[in-house]
Protein chains: 2
Amino acid sequence: MTTVAPLPLRERKKAETWGALHESAASLALDRGVDETTVEAIAASAGVSPRTFFNYFHVKEDAILGLREPVLDPAQLSRISVTADDLVGQISRLLVTVAWTAIGGTDRARRRQLIARYPNLARRHMDYMVKAERLVSQGISGLLAQDPVWAAGVEGFGPEEAARMLVMIAGVPIRFNLTSADFDPVEGISAETLGPSLTLLHDLLRKIS
Amino acid sequence: MTTVAPLPLRERKKAETWGALHESAASLALDRGVDETTVEAIAASAGVSPRTFFNYFHVKEDAILGLREPVLDPAQLSRISVTADDLVGQISRLLVTVAWTAIGGTDRARRRQLIARYPNLARRHMDYMVKAERLVSQGISGLLAQDPVWAAGVEGFGPEEAARMLVMIAGVPIRFNLTSADFDPVEGISAETLGPSLTLLHDLLRKIS
DNA sequence: TTGCGCAAATGCATACTTGCAGTGATGCAT
DNA sequence: ATGCATCACTGCAAGTATGCATTTGCGCAA
């Protein structure tokens with residue numbers, strides 16, 4: 001049996017406040033509408049001050065969807081092989097993971113209803129993509145620096161810059177999906193939906209080079 | 001002799017209001033600082049109401065820098081050859097033009113001082129990049145649709161989607177420059193600074209495909 | 001030239017967002 | 001147990017941003 005980590009009181013309270021704010025925001029938004037749900041109401045319903053709300057979420061929409069800051073799991077990063085041939089595909093998948101674990105946290109059914117009714121909520125995905133790119137860039141940069149082939153850099157650019165552009169390239173199919181008309185903000189991006197975009201990318205690259 | 005187009009009074013006044021707001025914003029920001037310059041003060045100095053300010057600029061920073069909405073010049077679009085071999089390079093240069101004419105409008109020396117003192121002002125460049133990409137995407141989409149090779153689409157995607165991804169790829173070297181540590185927000189991006197990034201892009205693409 | 005339609009400008013109300021200073025509870029070392 | 005440092009939370013104030021209804025004055029045609 002694994003003993004549950006007994007969170008210190010402080011941590012626990014913080015998690016509770018976060019949960020209360022998210023719960024309040026989501027349920028208020030669902031039954032009275034997003035624009036009709038004010039930060040003041042959310043805070044009141046969660047039993048904290050409006051000022052505290054902004055200590056937990058940058059913007060109202062994040063509270064409604066329950067978004068957390070993206071985090072790069074070192075274990076997943078280390079699974080990347082910079083010498084394998086589908087490096088871009090690997091990075092794309094890593095990007096999706098980083099951005100989506102931040103996004104897809106909570107209550108699926110309610111998310112679906114909310115986003116269906118208020119598509120604007122999904123606009124925040126792009127922001128999280130940007131943050132994910134920054135994180136992954138740093139990670140990949142470290143990997144390249146350790147690799148004999150990449151460490152020397154490319155065309156006068158160091159491995160750090162190579163990593164930055166590599167991640168931008170890998171981000172293209174994701175941004176492409178994110179801006180597609182038929183993108184499903186609840187399902188997010190999966191291997192299934194990312195695949196065709198990666199293929200298109202590779203095809204275009206072949207066509208133009 | 002060409003007679004100067006006698007702008008209707010309405011148009012002229014609008015241009016004057018725009019100029020007054022920009023002038024007030026820039027000069028106030030320069031001598032008392034950006035954060036110390038309120039929209040209220042700008043509007044007062046320009047002789048209009050604070051509400052009117054937001055009819056001209058989305059955000060305070062845009063007024064300080066005098067940014068205009070990006071516009072795609074049809075003449076420049078028609079100069080693109082979708083069959084030439086450096087299509088990505090062509091699109092990149094077009095993107096730069098579209099985004100930069102919107103940005104580099106006014107008084108160079110003052111821009112330099114402002115951005116040197118308040119680097120955060122330059123963060124707005126990315127937003128204008130996004131708008132430029134949308135415009136150019138639509139344009140390129142039209143071109144591809146008329147071309148026999150592209151019109152059929154690629155890998156099950158139509159020409160609009162091919163255009164969208166193509167423009168995203170072409171945007172990579174620009175975003176790369178925009179996020180570089182040594183990027184000069186006043187000079188912007190020129191053939192000179194775009195060149196190396198395009199080379200890096202091509203090199204990476206060759207390496208990974 | 002008179003009158004109508006329209007766009008710019010305005011006033012007002014409301015909400016979002018952030019910085020700062022202060023307070024109390026928590027966690028930790030003595 | 002005591003004292004201290006830290007952190008969550010709070011209240012207040014200022015500023016940014018937007019929607020809506022109303023007024024003002026330009027442009028145009030009868």
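All values below come from the heavy atoms of this structure, side chains included, with hydrogens, waters and symmetry mates left out. Nothing here was measured: the structure is a model prediction, and the numbers come from that model. We name chains A, B, ... by the order of the sequence lines, and we start the count at 1 in each one.
No side-chain donor-acceptor contact under 3.5 Å links B:Asp86 to the backbone of B:Gly89.
In the helix from C:dT1-D:dA30 to C:dT30-D:dA1, the rotation axis of the first five pairs and that of the last five pairs differ in direction by 10°, rounded to 10 degrees.
Residue B:Glu36 places its CD atom among more than 12 non-hydrogen atoms of other residues, nucleotides or ligands, all under 6.0 Å distant. At most 12 heavy atoms of other shown residues, nucleotides or ligands fall within 6.0 angstrom of atom NZ in A:Lys14.
Under the side-chain hydrogen bond (donor to acceptor under 3.5 Å, both in side chains) criterion, A:Ser197 pairs with A:Asn177, sequence neighbours left out.
Within residues 21-44 of chain B, the residues having any heavy atom under 4.0 Å from DNA chain D are, by residue number, B:Thr37, B:Thr38, B:Val39. Within residues 45-64 of chain A, the residues that have a heavy atom under 4.0 Å from DNA chain D are, in order of number, A:Val48, A:Ser49, A:Arg51, A:Thr52, A:Asn55, A:Tyr56.
On the nucleic acid side, DNA chain C contacts chain B at distances under 4.0 Å to non-hydrogen atoms, with the end points of that region at C:dG5 to C:dC12.
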Would you list the atom pairs, donor with acceptor, under 3.5 Å between side chains in residues 39-46 of chain B and any protein atom, with sequence neighbours excluded?
{"from": "B:Ser45", "atom 1": "OG", "to": "B:Ser24", "atom 2": "OG", "distance (Å)": "3.0"}

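Counting only N and O atoms by type, the side chains of B:Arg164 and A:Ser180 include a donor and acceptor under 3.5 Å apart.
The interatomic distance linking A:Trp18 (CH2) with D:dA8 (P) rounds to 16 Å, in whole Å.
Contact check on A:Arg175 versus B:Glu133 returns no salt bridge, with no Lys/Arg side-chain nitrogen under 4.0 Å from an Asp/Glu carboxylate oxygen.
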